[in-house]
Amino acid sequence: MKRVKPEALAVPESPKMVWSIDFMADQLGIAVDFLRPAEREIRTLNRIIEWRGQPDAIRIDNGSVYISERLKG
């Protein structure tokens, strides 16, 4: 089966419009760690929201690391 090429992501017009979250091999991120339990992700997001304000949306990949019910609320 041929894989369908996804549409290009739209560029948000403001920093609070859409945030993206993904796991990657990078040492320059906001929160760097080997494992990030849901509770820690929530604390990190809450700290960033206090600092920057709440975004209109948060975009995440479909990875198994984001299956926690705690992150859906």
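Counting begins at 1 with the first residue of the sequence. Values in this document were obtained by computation on a predicted structure and should not be read as measured data.
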Looking at [atom1] of [X] and [atom2] of [Y], how far apart are the two atoms once the value is rounded to the nearest 0.5 Å?
{"X": "R52", "Y": "L45", "atom1": "CZ", "atom2": "CG", "value": "13.5 Å"}
{"X": "I42", "Y": "R47", "atom1": "CD1", "atom2": "CZ", "value": "13.0 Å"}
{"X": "I48", "Y": "I58", "atom1": "CD1", "atom2": "CD1", "value": "9.0 Å"}

Pairs of donor and acceptor atoms involving the side chains of residues 7-20, under 3.5 Å and at least two apart or interchain, shall be tabulated with distances.
from	atom 1	to	atom 2	distance (Å)
W19	NE1	P15	O	3.0
S20	OG	R59	NE	3.3
S20	OG	R59	NH2	3.4

